[in-house]
Amino acid sequence: MLVHAAPYSQQGALSALRFANAVVERGHRLSTVFFYHDGVHNASALMSPPQDEVQLADGWKRLHREGGTQLLVCIAAGLRRGLVDTGEAARHGLNSHSVEPPFELTGVGQLVDAMLENDRLITFAP
Amino acid sequence: MLVHAAPYSQQGALSALRFANAVVERGHRLSTVFFYHDGVHNASALMSPPQDEVQLADGWKRLHREGGTQLLVCIAAGLRRGLVDTGEAARHGLNSHSVEPPFELTGVGQLVDAMLENDRLITFAP
Amino acid sequence: MTLHLLNRSPQSEGVYRDLREAFGDGDHLLLIEDGCYAALSSGRDAVAAFAGRVSVLKEDLVSRGLEGRVDGAIEVVDMQGFVDLTEIHQRSVSWF
Amino acid sequence: MTLHLLNRSPQSEGVYRDLREAFGDGDHLLLIEDGCYAALSSGRDAVAAFAGRVSVLKEDLVSRGLEGRVDGAIEVVDMQGFVDLTEIHQRSVSWF
Amino acid sequence: MNSTSGISPATTAIDAPQDLLIVLRHAPHGSSWLREGLDVALVAAAFGKRVGLLFQGDGVFALLQGQSSGPLAQKGTHPQLAMLEMYDIEHLWVSEAALAARGLPVDSLMLPVTSLEASRIARLMHSHPHTLIF
Amino acid sequence: MNSTSGISPATTAIDAPQDLLIVLRHAPHGSSWLREGLDVALVAAAFGKRVGLLFQGDGVFALLQGQSSGPLAQKGTHPQLAMLEMYDIEHLWVSEAALAARGLPVDSLMLPVTSLEASRIARLMHSHPHTLIF
């Protein structure tokens with residue numbers, strides 16, 4: 001699954017998570033979610049939506065915990081947009097970070113691999 | 001000035017900064033830039049674009065330093081999108097933050113005030 | 001055979017135009033998110049080229065208050081139907 | 001008198017349509033960013049309703065390779081001209 | 001031409017410029033534009049400003065009856081619209097052409113609105129000192 | 001109908017499906033879609049995959065000659081396009097209708113491309129096992 005849509009700005013991230021849940025419920029394995037373009041914002045550990053709104057990050061983490069789905073964040077798209085894990089923060093001299101496991105920063109090559117290795121790829125756009 | 005556009009995803013943030021510089025060069029005072037919608041991402045202290053690309057954050061800070069322009073970030077739009085200063089991080093139990101001075105988290109009321117107090121408002125959209 | 005997903009209202013005429021070029025024999029279109037507005041009779045022109053091969057996602061219709069307003073030629077599918085469509089078609093592409 | 005800013009290509013027909021409704025006597029349109037593509041002769045229909053009251057931002061034309069291709073009826077202004085327009089007009093609105 | 005649903009005659013006056021006009025061009029649910037535009041309207045009203053709303057383009061879909069919360073309990077914008085009256089936001093205008101293009105009769109909407117033809121929309125914008133488009 | 005600029009006859013074959021087809025529908029500069037789509041193409045090619053590109057809609061503006069860097073030295077996408085050949089990305093297709101609607105002759109573009117009418121675009125997509133739209 002490829003997610004280009006940012007949470008809270010566009011519906012695409014909600015649609016993606018809802019579809020992911022439905023696929024898993026059907027008994028399929030969802031091996032990888034790759035976050036690209038503004039979709040990288042799904043990986044932010046700093047989102048604090050109001051309590052009575054959807055907590056998207058929890059949904060993504062549950063997919064990982066319960067089905068082992070990899071949550072991959074494009075590193076090039078992410079660094080430009082302020083998505084950094086502790087390693088990248090140190091390398092860029094930042095005293096804060098915004099990406100935590102199970103989200104992993106990775107290269108676009110992983111998207112290409114995932115596309116060719118899996119039966120199906122579905123994209124959720126902004 | 002009202003900025004809805006995120007850096008690196010859309011040209012709007014670049015256009016806004018370029019226009020801001022031109023206005024100041026002309027001798028006008030730019031009292032306030034208000035970041036709303038995806039424009040709140042301009043306030044991220046964690047953006048690490050490649051060295052050979054535009055460093056937008058530096059441009060915004062220079063406006064503040066040289067002309068006293070207020071850099072206001074909508075707190076409701078920002079919290080949903082992972083823009084938190086140290087105070088909000090503490091309040092939400094986060095061990096990292098993404099917004100640092102001279103950017104300030106503030107309410108939409110400040111946008112309304114700025115709109116009514118200033119001669120001109122110009123919006124840069126995504 | 002390709003499943004095309006489209007999430008833009010008919011207001012985005014360019015994306016409907018490009019989809020028409022790319023839509024082949026045996027393909028299917030699923031309208032999701034703001035694409036649901038193309039399932040109204042006012043959206044008939046936008047999707048006329050795909051006649052008989054268009055579905056729309058029920059959950060997105062319901063939240064928009066569109067459920068009773070769908071053009072008769074368009075099939076309403078729920079989330080399970082969405083998953084079915086991705087199983088039936090070898091691949092999907094997303095237009096936006 | 002209002003200065004209208006527009007940053008979408010003519011592909012986004014809906015925003016041009018809504019702007020036409022809102023464009024009043026004495027108003028002016030400045031095309032910026034991807035709005036520049038409406039300054040080509042192929043964009044003539046999109047901006048016909050604003051004839052004689054349309055400018056396009058030079059810097060955005062240049063980066064897109066459009067400088068020599070602008071329709072004769074449209075005035076090219078640089079960043080200083082953009083600032084001038086915001087001084088002349090009491091207010092501006094941005095369409096996207 | 002100019003018609004209203006007849007419920008609130010106050011909304012017929014376009015000669016009652018408010019402090020701020022908010023133009024809503026985006027449909028509910030698909031993006032946060034509509035919600036964030038309405039947030040500005042509600043906050044401005046709470047700060048004592050007189051606010052008018054113009055629904056244009058896909059923004060008219062915000063006025064459909066029967067909307068509900070979205071997938072994963074995503075909030076809709078209809079609860080915000082239901083609060084407008086409480087905030088004294090009573091000047092609601094809608095593009096006649098936008099309604100017609102979408103086959104929506106003005107009296108089928110969830111709120112009483114005044115439908116305006118194009119020339120009156122241009123006049124509406126001229127009569128307001130401040131306009132924001134969402 | 002099918003025409004090429006004549007510089008590279010290899011690009012005429014639509015019967016040469018690649019591992020991955022990237023469809024580019026967005027104009028340069030205004031958003032990062034074009035850049036990020038081309039990044040995927042270049043990385044896939046660097047990983048040894050055979051990649052074809054289809055320019056559709058406003059994506060055809062990516063092929064205009066004479067582009068340069070943007071405001072505040074924002075990089076354009078024309079340097080990425082200039083690198084395609086080095087990455088062995090040689091199958092470049094463009095929508096004939098998209099060019100015509102924008103008044104762009106196929107031989108005025110910065111790269112040799114094969115222009116395709118609608119029915120051939122549908123065939124092109126069917127012949128590729130993987131397609132991504134940007």
Side-chain angles (χ1 to χ4, degrees), chain C residues 4-17 19 29-48 54-74 76-86 94-96, chain E residues 5 23-38 54-82 94-111 113 115 118 121 133-134:
Chain C
H4 298 266
L5 301 182
L6 175 50
N7 73 350
R8 289 286 193 273
S9 95
Q11 201 67 353
S12 298
E13 291 160 54
V15 69
Y16 283 80
R17 209 152 34 223
L19 167 58
L29 169 61
L30 176 64
L31 301 166
I32 64 170
E33 304 174 8
D34 286 349
C36 288
Y37 294 112
L40 304 181
S41 12
S42 58
R44 206 174 283 166
D45 291 350
V47 296
V54 186
S55 306
V56 59
L57 188 59
K58 181 176 177 169
E59 286 84 342
D60 288 342
L61 285 175
V62 170
S63 59
R64 287 167 177 78
L66 303 177
E67 211 188 2
R69 301 164 186 263
V70 176
D71 192 274
I74 295 180
V76 178
V77 301
D78 62 10
M79 233 20 229
Q80 290 305 317
F82 185 177
V83 177
D84 290 343
L85 284 169
T86 60
S94 297
W95 298 86
F96 58 93
Chain E
S5 67
V23 181
L24 301 164
R25 295 187 56 254
H26 287 82
H29 289 291
S31 71
S32 64
W33 286 115
L34 180 65
R35 160 177 299 280
E36 295 185 311
L38 286 167
L54 168 64
F55 296 86
Q56 223 192 353
D58 283 344
V60 302
F61 287 129
L63 295 161
L64 279 185
Q65 290 183 345
Q67 296 174 66
S68 58
S69 60
L72 309 176
Q74 177 201 24
K75 281 189 199 171
T77 45
H78 52 291
Q80 285 175 295
L81 288 178
V94 62
S95 159
E96 183 180 287
L99 285 181
R102 290 162 186 77
L104 305 176
V106 69
D107 56 9
S108 72
L109 305 176
M110 65 177 278
L111 290 174
V113 295
S115 127
I121 289 176
I133 302 179
F134 284 93

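Remember, predicted model here, so these are calculated numbers, not experimental data. Residue numbers start from 1 in every chain, and the chains themselves are labelled A, B, ... in the order their sequence lines are given, proteins ahead of strands.
Within residues 69-78 of chain E, the residues having any heavy atom less than 4.5 Å from a heavy atom of chain C are, in residue-number order, E:S69, E:G70, E:P71.
Side-chain contact check for E:Q67 versus C:L66: every heavy-atom pair is 4.5 Å or farther apart. E:D58 is not listed as a side-chain neighbour of C:D34, based on a closest heavy-atom distance of 4.5 Å or more. Counting heavy atoms from C-beta on, the side chains of E:R102 and C:Q11 come closer than 4.5 Å.
Chosen from C:V62, C:L40, C:L61, the residue pairing most often with chain E at heavy-atom distances under 4.5 Å is C:V62.
Closest non-hydrogen pair, C:S42 versus E:A101, comes out as CB-O, 3.5 Å. Nearest heavy-atom pair across E:L64 and C:R64 is CD1-O, 3.6 Å.
When heavy atoms are compared at a cutoff of 4.5 Å, C:N7 does not approach chain E at all. Proximity to chain C (any heavy atom under 4.5 Å) is shown, for E:A62, by neither the backbone nor the side chain. Neither the backbone nor the side chain of C:R8 comes within less than 4.5 Å of any heavy atom in chain E.
Of the inter-residue distances, the one linking C:R69 atom CZ with E:S108 atom OG reads 5.5 Å to the nearest 0.5 angstrom. A distance of 12.5 Å separates NE2 of E:H29 from CD of C:E59, quoted to the nearest 0.5 Å.
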